[in-house]
Amino acid sequence: MMQDNHSIIIAIDGYSSSGKSSMARQLAKTIGYRYIDSGAMYRAVTLYAMRHDLIDADGTVNTAGVINALPDIKIDFDVNGDSQSTVLNGENVEREIRTLAVSNHVSPIAAIPEVRHALVKMQQAMGKRKGIVMDGRDIGTVVFPDAEMKVFCDASADERARRRVAELQAKGEAVTFEEVLENVKKRDYIDENRAESPLRCAEDAVRLDNSSMSIPEQNQWLLNLYNSILSKG
Ligand code: DC
């Protein structure tokens with residue numbers, strides 16, 4: 001475990017299914033930091049909205065309804081050994097927030113400025129004591145602009161869709177490559193083009209295209225970067 005005076009903030013941003021979460025989680029484990037998956041928080045708000053009929057069958061979001069509901073939405077993370085679960089108002093929703101149904105509705109929810117402000121505030125509170133690895137879309141640009149270590153991850157849309165299909169199929173969800181690829185591309189478009197904190201690479205982030213890297217190679221790359229930042233600091 002690192003000494004407290006060595007604790008930094010590590011921000012890992014990038015496209016959906018770019019492998020950033022597994023890489024971030026592994027680094028946090030190796031160096032004894034807390035890991036926060038900020039995407040899970042947007043997914044939990046989306047699940048809440050779906051369950052409370054705040055999203056129509058055609059995907060139209062009742063924005064005012066979602067904003068009004070924000071004070072009633074409490075999100076926590078339950079850490080159990082190596083695994084971490086997202087908890088929505090006391091209920092473990094880890095499995096449900098990963099379904100394609102939630103993935104299909106999350107981008108418009110994440111584009112609502114009031115939702116972003118509420119979640120960014122929670123995320124900043126989680127990073128107060130540093131020693132944290134957080135992944136998402138705006139961690140290095142908005143949540144922690146002063147983070148000591150910033151990474152921006154990318155991989156081709158095809159490769160990301162292939163990884164996502166394998167992940168969903170392993171969980172028993174029957175999905176096709178085409179529908180997942182469509183979801184990946186649609187989310188990229190909305191994430192990059194929304195008015196409120198669009199997905200972009202922070203000027204001081206280190207870019208990683210991991211299209212042709214294995215998971216152990218990515219983990220090693222990230223650990224090397226962390227070690228080089230610590231040795232300079
Ligand atoms: O990383 P993910 O696929 O679980 O994220 C789900 C959605 O949440 C994604 O489409 C964009 C959004 N998101 C965001 O806008 N800002 C973040 N910091 C994290 C996720």
Side-chain angles (χ1 to χ4, degrees), residues 9-25 35-50 55 59 61 63 66 70 73 75 77 84-86 88 93-127 132-145 147 150-155 157 159-161 163-168 171 173 175 180-202 205 210:
I9 289 185
I10 301 175
I12 304 196
D13 288 304
Y15 287 88
S16 66
S17 305
S18 60
K20 59 187 185 318
S21 298
S22 51
M23 193 167 93
R25 187 179 294 113
Y35 166 65
I36 298 291
D37 171 0
S38 69
M41 300 170 76
Y42 290 92
R43 287 172 178 274
V45 174
T46 305
L47 181 64
Y48 182 98
M50 289 165 70
I55 304 178
V61 176
T63 304
V66 174
L70 283 173
I73 302 177
I75 301 164
F77 291 99
Q84 180 164 316
S85 299
T86 310
L88 169 63
V93 291
E94 186 57 35
R95 208 186 52 78
E96 227 175 318
I97 60 166
R98 307 290 168 192
T99 58
L100 194 55
V102 170
S103 297
N104 279 332
H105 293 303
V106 66
S107 287
I109 294 285
I112 301 172
E114 288 83 352
V115 169
R116 302 203 69 82
H117 296 162
L119 295 190
V120 166
K121 235 172 133 181
M122 287 184 212
Q123 291 152 6
Q124 287 171 336
M126 291 168 178
I132 195 167
V133 182
M134 192 176 290
D135 77 43
R137 304 291 189 287
D138 60 343
I139 310 306
T141 51
V142 175
V143 181
F144 300 121
K150 296 183 186 180
V151 174
F152 189 87
C153 252
D154 196 6
E159 177 55 28
R160 288 185 286 127
R163 292 175 186 168
R164 193 95 190 96
V165 168
E167 230 174 81
L168 289 166
K171 287 180 192 159
E173 220 181 313
V175 290
V180 172
L181 181 63
E182 192 190 320
N183 172 262
V184 163
K185 287 184 172 168
K186 197 167 146 198
R187 280 206 286 154
D188 286 357
Y189 182 83
I190 302 178
D191 291 348
E192 286 171 325
N193 291 286
R194 65 175 174 235
E196 182 77 21
S197 39
L199 172 65
R200 62 178 178 81
C201 177
N210 60 22

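Start at 1 and go down the list; that is how both ligands and their atoms are numbered. Note: hydrogens, waters and symmetry copies are ignored here, and every other heavy atom, side chains too, is used.
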- Message: Any heavy-atom pair between the side chains of Cys201 and Lys150 that's under 4.5 Å?
- Response: no
- Under 4.0 Å to a heavy atom of Ala110 - the qualifying atoms of ligand 1, by number: 12 (C), 15 (O)
- Task: Look at atom 20 (C) of ligand 1 and say which protein heavy atom is nearest, naming residue and atom and giving the distance to 0.1 Å.
- Result: Gly39 CA, 3.5 Å
- Message: Could you check whether Lys186 pairs with Glu182 (Lys NZ or Arg NE/NH1/NH2 to Asp/Glu carboxylate O, under 4.0 Å)?
- Response: no
- Short N or O distance, Asp138 and ligand 1, threshold 3.5 Å exclusive: yes
- Item | Residue and atom name of the nearest protein heavy atom (relative to atom 4 (O) of ligand 1), distance in Å to one decimal | Arg43 NE, 2.7 Å
- Item | Structural part of Ile190 in contact with ligand 1, heavy atom criterion under 4.0 angstrom | neither
- Task: Kindly confirm or rule out an N or O of Arg116 lying under 3.5 angstrom from an N or O of ligand 1.
- Result: yes
- Message: Pairs of nitrogen or oxygen atoms closer than 3.5 Å, one from Arg137 and one from ligand 1: do any exist?
- Response: yes
- Message: Just to check, does Met41 reach to within less than 4.0 Å of ligand 1 when the distance is taken from its heavy atoms?
- Response: no
- Taking N or O atoms only and a 3.5 Å limit, does Asp37 qualify as a polar contact for ligand 1? no
- Residue Ser107 vicinity, atoms of ligand 1 by number, heavy atom under 4.0 Å: 10 (O)
- Nearest non-hydrogen protein atom, atom 8 (O) of ligand 1: Tyr42 CB, 3.6 Å
- Item | Nearest-neighbour protein heavy atom for atom 3 (O) of ligand 1, which is reported as residue plus atom name and distance | Arg187 NH1, 2.8 Å
- Please determine if Asp135 and Arg25 form a salt bridge, counting it only when a charged side-chain N lies under 4.0 Å from a carboxylate O. no
- Side chain, backbone, both or neither: which part of Arg194 comes within less than 4.0 Å of ligand 1 when only heavy atoms are counted? side chain
- Do you know which two heavy atoms are closest between Met126 and Ile132, and how far apart they sit? O-CD1, 3.4 Å
- Task: Answer yes or no: does an N/O atom from Ser16 fall short of 3.5 Å to an N/O atom of ligand 1?
- Result: no
- Test: Arg43 and Asp37 ion pair at under 4.0 Å: no
- Item | SB check Arg137 Asp191 (cutoff 4.0 Å) | yes
- Task: Please identify which atoms of ligand 1 are closer than 4.0 Å to at least one heavy atom of Lys20.
- Result: 1 (O)
- Message: Assess, by modelled atom type and distance only, whether the side chains of Ser197 and Arg116 contain a donor and an acceptor separated by less than 3.5 Å.
- Response: yes
- Query: Just wondering, do Ile55 and Ile109 contact through their side chains at under 4.5 Å, heavy atoms?
  - Reply: yes
- Any side-chain heavy atom of Glu114 within less than 4.5 Å of one from Leu70? yes
- Message: Looking at Arg163 and Glu159, is there a salt bridge between them, counting it only when a charged N and a carboxylate O are closer than 4.0 Å?
- Response: yes
- Nearest neighbour in protein (non-hydrogen) for atom 19 (C) of ligand 1: Ser38 OG, 3.3 Å
